[in-house]
Amino acid sequence: MELINPGVGLIFWTTLVFLILFVLLTKFAWKPIVNTIKKRNESIQKALDEADEARQELEQLDEKQKAMIEASRKEKDNILDEAKSMREQMISDAKEETQNVVNKMKSEAKDDIEKQKKEAIREIKNQVSELSMDIAEKILKQELENKEKHSKLVDKLLDDVKLN
């Protein structure tokens with residue numbers, strides 16, 4: 001029953017041992033434990049701050065990356081637009097050049113046709129004149145054989161010359 005009803009001596013020695021233990025723990029253990037906890041809290045806070053800074057840097061990098069991607073897209077669009085306009089200009093120039101060549105060829109063909117036409121007409125005139133002279137020569141031979149026909153022909157030719 002002694003444990004249920006402790007004596008004064010037991011309470012005194014228990015309190016004395018507790019106080020000595022408390023003083024020893026306070027002097028030698030409590031400060032290092034508190035310092036270790038403070039250091040741990042500081043290192044955790046420092047790690048949290050670094051993590052927050054890293055997160056902010058990542059957000060900034062992400063924003064920069066998005067801006068760069070957007071700038072790249074705009075540049076790509078500008079390059080594509082420029083390429084399209086250059087292609088259209090090249091096609092337009094090629095069409096214009098082709099049209100000029102076609103017009104030149106048409107003009108040359110018309111000139112050649114006109115030359116050939118004039119040459120053909122000249123040749124036909126020469127042939128007609130040769131044939132006319134041959135025919136006239138043959139007719140004159142026949143007409144000159146007869147004196148009466150000859151004088152009629154001369155009169156007729158004179159009348160024709162006066163009319164022209």
Side-chain angles (χ1 to χ4, degrees), residues 25-164:
L25 283 176
T26 305
K27 188 169 188 170
F28 295 109
W30 190 255
K31 285 184 183 179
I33 290 172
V34 169
N35 287 338
T36 305
I37 290 173
K38 282 182 183 179
K39 286 180 183 177
R40 180 74 178 142
N41 282 340
E42 288 174 1
S43 67
I44 290 172
Q45 187 61 41
K46 184 178 178 183
L48 288 174
D49 292 343
E50 288 175 357
D52 190 42
E53 288 177 16
R55 183 185 53 79
Q56 288 175 353
E57 287 179 16
L58 283 175
E59 287 176 358
Q60 289 175 352
L61 288 174
D62 189 42
E63 289 175 11
K64 286 180 183 178
Q65 182 183 22
K66 286 179 182 178
M68 289 175 65
I69 289 172
E70 186 63 30
S72 296
R73 284 184 184 150
K74 287 180 182 179
E75 186 175 347
K76 176 195 73 164
D77 290 342
N78 289 340
I79 290 171
L80 286 175
D81 290 342
E82 186 176 319
K84 284 178 185 177
S85 67
M86 285 177 64
R87 181 192 69 178
E88 290 172 2
Q89 182 65 35
M90 289 173 71
I91 289 171
S92 172
D93 290 347
K95 283 181 181 179
E96 185 177 321
E97 187 175 335
T98 303
Q99 188 63 37
N100 289 341
V101 169
V102 167
N103 289 340
K104 184 178 178 183
M105 290 175 72
K106 281 182 182 179
S107 174
E108 288 175 358
K110 284 180 182 179
D111 290 345
D112 286 346
I113 290 170
E114 192 62 34
K115 275 185 187 177
Q116 290 176 0
K117 182 179 172 183
K118 287 180 181 180
E119 182 65 28
I121 290 172
R122 187 182 57 77
E123 286 182 24
I124 290 173
K125 283 182 180 181
N126 287 340
Q127 287 177 358
V128 167
S129 66
E130 285 178 16
L131 285 174
S132 297
M133 289 185 64
D134 287 344
I135 292 171
E137 182 180 336
K138 286 180 183 179
I139 291 174
L140 282 176
K141 279 184 184 178
Q142 285 179 357
E143 294 293 324
L144 291 178
E145 288 177 2
N146 186 346
K147 282 242 178 207
E148 189 178 306
K149 287 183 179 179
H150 175 66
S151 57
K152 282 183 184 178
L153 179 63
V154 170
D155 288 339
K156 184 178 175 186
L157 287 174
L158 286 176
D159 286 341
D160 286 342
V161 170
K162 289 179 185 175
L163 293 176
N164 288 332

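Bear in mind the structure is a predicted one, so any value in this text is a computation, not a measurement. Numbers for residues simply follow the sequence, beginning at 1.
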Please tabulate, for side-chain N and O atoms in residues 43-59, each donor-acceptor pair with protein atoms closer than 3.5 Å (sequence neighbours left out).
residue : atom : partner : partner atom : Å
Ser43   : OG   : Lys39   : O            : 3.3
Ser43   : OG   : Arg40   : O            : 2.8
Gln45   : NE2  : Asp49   : OD1          : 3.1
Asp52   : OD1  : Arg55   : NE           : 3.4
Asp52   : OD1  : Arg55   : NH2          : 2.4
Arg55   : NH1  : Glu59   : OE2          : 2.8

Which pairs of donor and acceptor atoms, one on a side chain in residues 114-126, lie under 3.5 Å apart (sequence neighbours left out)?
residue : atom : partner : partner atom : Å
Glu119  : OE1  : Arg122  : NE           : 3.4
Glu119  : OE1  : Arg122  : NH2          : 2.9
Glu119  : OE2  : Arg122  : NH2          : 2.1

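Applying the salt bridge (charged side-chain N to carboxylate O under 4.0 Å, His left out) definition to pairs two or more places apart or across chains, none involves residues 91-107. A salt bridge (charged side-chain N to carboxylate O under 4.0 Å, His left out) check over residues 78-91, counting only residues at least two apart or in different chains, returns nothing.
Asn41 is linked by a side chain to side chain donor-acceptor pair (under 3.5 Å) to nothing, counting only residues two or more places apart in sequence or in another chain. Residues passing the side chain to side chain donor-acceptor pair (under 3.5 Å) test with Gln60, sequence neighbours excluded: none. Partners of Asp62 under the salt bridge (Lys or Arg N to Asp or Glu O under 4.0 Å) rule, at least two apart in sequence or in another chain, are Lys66. For Asn78, there are no side chain to side chain donor-acceptor pair (under 3.5 Å) partners two or more places apart in sequence or in a different chain. Shown here are the side chain to side chain contact (heavy atoms under 4.5 Å, CB included) partners of Ile79, two or more places apart in sequence or in another chain: Glu75. Partners of Glu130 under the side chain to side chain contact (heavy atoms under 4.5 Å, CB included) rule, at least two apart in sequence or in another chain, do not exist in this structure.
The CE atom of Met90 sits 11.5 Å away from atom OG of Ser92, with the distance rounded to the nearest 0.5 Å. With values rounded to the nearest 0.5 angstrom, Ser107 atom OG is found 12.0 Å from Asn100 atom CG. Distance check, rounded to the nearest 0.5 Å: CD of Glu108 to CE of Met105 gives 7.5 Å. Atom CD1 of Ile33 is separated from atom CZ of Phe28 by 13.5 Å, given to the nearest 0.5 angstrom.
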